Amino acid sequence: MKTSIKQVLESTAFDTDFTVNGWVRNRRINKNLAFISLNDGSCAGNLQIVVDFDKIPEENIKGIGTGACLRIKGTLVKSVGQGQDRDIAAKEVHIYGLADGETYPLQPRKHSLEFIRENAHLRSRTTVFSSVFRVRHALAYAVHKYFNDKGFYYINAPIITASDAEGAGEMFRVTTLDLNNPARNKEDGSINFKEDFFGKSTHLTVSGQLEGELMALGLGNIYTFGPTFRAENSNTTRHLAEFWMIEPEMAFFELEDNMALAEDFMKYVIKYAVDNCDADLQILQERLLEEEKAKKEDERSPMPLLEKLNFVVNNDFEKVTYTEAIEILLNSNHYKKKKFKYDVKWGIDLQSEHERFLVEKHFKKPVIITNYPKDIKAFYMKQNDDNKTVRAMDVLFPGIGEIIGGSQREEILEKLETRMKEMNIPTDEMWWYLDTRRFGTAPHSGFGLGFERLVLFVSGMTNIRDVIPFPRSPKNADF
RNA sequence: UCCUUUCUAGCUCAGCUGGUUAGAGCACUUGACUGUUAAUCAGGGGGUCCUUGGUUCGAGCCCAAGGAAAGGAGCCA
């Protein structure tokens with residue numbers, strides 16, 4: 001087994017020999033000595049290798065620059081220099097591969113995020129992105145651990161679906177038909193999907209929720225954690241065409257239980273990252289501070305990254321109904337001074353500026369808004385007795401906006417069917433979904449969390465394309 | 001998709017009112033240097049000025065169309 005640089009940096013076994021592998025982050029060559037900062041991705045820190053030319057000829061490290069991959073055998077010693085407590089005094093340097101400095105894009109200096117994004121295949125070699133991806137891993141692990149420990153079952157919803165009735169957004173078509181010469185219906189010349197692979201029109205999933213409901217109404221508590229796809233032409237720092245969504249679904253859960261779970265869950269996974277990714281979060285906190293220096297003072301975050309994360313973990317989320325939220329907006333000085341671009345009145349869908357005001361200016365903490373007007377929400381949400389609102393909840397986070405959307409589901413067959421007809425959703429195609437209400441229906445609730453938005457919040461990154469290894473967005477499917 | 005801004009060396013950027021051979025720092029390369037920390041110092045190589053078309057004696061700079069990127073908005077997770 002190899003020894004990781006993380007193990008060497010944590011070891012107390014001085015004067016013993018180690019063999020480490022890694023990529024050169026930087027190197028400084030003097031007449032008699034060379035210093036190599038080596039990183040293998042096991043942790044944020046670099047290990048300094050000291051090459052003494054009395055012991056290893058200078059020719060042996062010829063051509064080693066940023067990006068080269070090495071295997072080093074050497075002795076762990078206390079560092080004589082200032083910047084670190086330990087070095088490896090090299091006994092043997094093996095070069096796996098050089099990286100030609102004329103053409104290797106990365107340098108031992110600060111690169112713009114934009115530049116690194118355009119070289120996404122090399123992002124894992126950089127300080128900031130390797131930290132982001134270690135944090136991403138920790139969060140994914142925490143998600144599974146949380147649900148497992150609570151007795152939830154992990155369910156894989158299908159990625160290819162025939163259901164196009166969910167209405168969650170534009171979809172990517174899946175087909176094996178020849179695009180240049182597709183099978184057509186004789187009558188009207190339209191595409192004949194009976195000839196397609198599945199014998200019907202299919203798409204990539206936009207949500208695993210409906211399948212999750214089927215599973216929950218039998219298994220009790222389940223969650224999905226998988227890729228979802230939206231063919232929306234969204235060019236923002238918060239949207240991806242391919243993203244990972246976590247969707248728990250619980251039988252015998254009312255909206256209040258759903259809210260409590262969402263809050264507890266968010267606090268748990270954020271705390272897990274804080275407890276397990278300190279070095280990486282320190283790096284990301286520094287990065288964010290650096291980025292915010294360029295901003296105007298009133299646009300900067302009120303607290304540093306780690307303080308913000310601890311604040312979320314240690315404070316209760318604010319809970320208001322949609323109706324109360326509208327009142328708060330209407331009574332705000334911001335509204336009276338006509339600073340909102342979009343008008344506020346009961347019935348509107350809250351705009352980003354409204355959500356930001358509530359979260360960042362008014363409450364200054366995460367907010368859960370409930371009981372939205374039924375006309376701006378999906379067909380499956382449970383209708384309240386007032387006949388105007390549904391048992392929906394959105395969790396809003398500072399800097400991110402909506403991070404979770406969820407609801408109690410309508411479990412009464414007649415009410416659900418009526419609502420589907422009102423919203424032009426074909427009830428016959430959705431017979432399998434309606435069967436859950438037809439046979440042994442039960443109250444149930446669930447929510448969806450965009451995993452990248454969670455990583456965005458915890459890492460303090462500002463563009464969602466920087467928290468997924470290989471981002472898919474309009475005009476971009478490289479790498 | 002809409003609005004605003006941007007596109008010059010591998011990277012970050014400068015480039016005057018349209019005028020000779022387009023510059024700097026870093027990176028790379030050669031050399032110097034007794035432990036460096038984005039090492040330092042000295043020399044050298046490196047350009048499809050996003051693309052296409054136009055105006056002009058002359059375009060990196062002006063005009064038009066297109067492309068891409070960033071930020072904001074919409075849609076949402």
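Below, all heavy atoms of this structure are taken into account, side chains as well, without hydrogens, waters or symmetry copies. Reminder, nothing fancy here: chain letters follow the sequence lines and each chain counts from 1. Quick caveat: nothing in here was measured; it's all calculated off a predicted structure.
We find that NZ of A/Lys110 is positioned 16 Å from P of B/A27, with the value rounded to whole Å. Rounded to a whole Å, the CD atom of A/Glu232 is 13 Å from the P atom of B/U1. To the nearest angstrom, P of B/C41 lies 16 Å from CZ of A/Arg28. Per the geometry, CG belonging to A/Leu396 stands 13 Å off C1' belonging to B/C76, to the nearest Å. If you measure from atom CZ of A/Phe447 to atom C1' of B/A77, you get 12 Å, rounded to the nearest angstrom. Put simply, CG on A/Asn235 is 8 Å from P on B/U1, counting in whole angstrom units. To the nearest angstrom, P of B/U30 lies 10 Å from CD of A/Glu58. Here the P atom of nucleotide B/A73 and the CD atom of A/Glu355 are 11 Å apart, to the nearest Å.
Of the candidates B/G35, B/C75, B/C76, the closest approach to any side-chain atom of A/Arg453 belongs to B/C76. Of the candidate nucleotides B/C75, B/A70, B/G45, B/G45 has the atom lying nearest to any side-chain atom of A/Glu102. Residue A/Arg117 has its side chain nearest to B/A69 when only B/A69, B/A77, B/C76 are considered. With B/G74, B/C33, B/A73 as the choices, the nucleotide that has an atom nearest any side-chain atom of A/Asn30 turns out to be B/C33. Distance from the side chain of A/Phe115 is smallest for B/G10 among the nucleotides B/A77, B/G10, B/A73. The side chain of A/Leu240 lies closest to B/A77 when the candidates are B/A77, B/G35, B/U30. With B/C75, B/U30, B/U36 as the choices, the nucleotide that has an atom nearest any side-chain atom of A/Gln48 turns out to be B/U36. Side-chain proximity of A/Gln107 to the nucleotides B/A73, B/U34, B/A27 is greatest for B/A27. When distances are taken from the side chain of A/Ser112 to each of B/U12, B/G74, B/C33, the shortest belongs to B/U12. The nucleotide whose nearest atom lies closest to any side-chain atom of A/Lys31 is, among B/U34, B/A70, B/U12, B/U34.
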Its dot-bracket string being built from Watson-Crick and G-U pairs below 3.5 Å, with | for another strand and [ ] for crossing, RNA chain B has the pattern (((((((..((((.....[...)))).(((((.......))))).....(((((..]....))))))))))))....
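Applying a 4.0 Å cut-off to non-hydrogen atoms, the residues of residues 454-479 of chain A that approach RNA chain B are A/Asn463, A/Arg465, A/Lys475, listed by residue number.
Here A/Phe397 and A/Phe317 bring their ring centres to under 6.0 angstrom of each other.
Side-chain atoms of A/Glu324 come within 3.5 Å of backbone N or O of A/Thr321 as a donor-acceptor pair. Judged purely by atom type and a 3.5 angstrom limit, A/Gln48 has no side-chain atom pairing as donor or acceptor with the backbone of A/Arg86. Distance alone, capped at 3.5 Å, is enough to place a donor-acceptor pair between the A/Ser131 side chain and the A/Thr127 backbone.
Among the protein residues, A/Gly101 comes within range of the sugar-phosphate backbone only, with heavy atoms under 4.0 Å from sugar or phosphate atoms but none that close to a base.
For A/Ser234, no side-chain nitrogen or oxygen approaches OP1 or OP2 of B/G74 to under 4.0 Å. When the side-chain nitrogen and oxygen atoms of A/Gln351 are compared with OP1 and OP2 of B/A73, none of them lie within a distance under 4.0 Å. Within the structure, every side-chain polar atom (N or O) of A/Arg27 is placed at least 4.0 Å from both OP1 and OP2 of B/A38. For B/G72, one of the phosphate oxygens OP1 or OP2 lies less than 4.0 angstrom from a side-chain nitrogen or oxygen of A/Thr237.
Counting non-hydrogen atoms of neighbouring residues, nucleotides and ligands closer than 6.0 angstrom, the NZ atom of A/Lys267 exceeds 12 such neighbours.
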Between A/Phe35 and A/Ile29, does a side-chain contact (heavy atoms from CB on, under 4.5 Å) hold up when you go through it step by step?
-> CA-CA 6 Å; A/Phe35 301 92; A/Ile29 296 170; over 6 Å; no
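Along RNA chain B, the nucleotide nearest A/Gln82 and the nucleotide nearest A/Asp349 are compared for position; the residue whose nucleotide lies closer to the 5' end is A/Gln82.
Summarising the geometry, atom CG belonging to A/Leu122 is positioned 7.5 Å from atom CZ belonging to A/Phe479; distances are rounded to the nearest 0.5 Å.
Contact annotation: side chain of A/Asn32 to base of B/G35, donor-acceptor pair absent below 3.5 Å. Between the side chain of A/His239 and the base of B/C76, a donor-acceptor pair under 3.5 Å is found.
Looking at A/Lys62 and A/Glu58, no side-chain N of the basic residue comes within less than 4.0 Å of a carboxylate O on the acidic one, giving no salt bridge. A/Arg230 has no carboxylate O lying under 4.0 Å from a charged side-chain N of A/Glu242, or vice versa, which leaves the two without a salt bridge.
Screening A/Met215, A/Glu211, A/Arg409 for a side-chain contact (heavy atoms from CB on, under 4.5 Å) involving A/Glu249 leaves a single residue, A/Arg409. Tested against A/Phe265 for a ring-ring contact (aromatic ring centres under 6.0 Å, His included), the candidates A/Phe147, A/Phe152, A/Tyr272, A/Tyr223 yield a single pass: A/Phe147.
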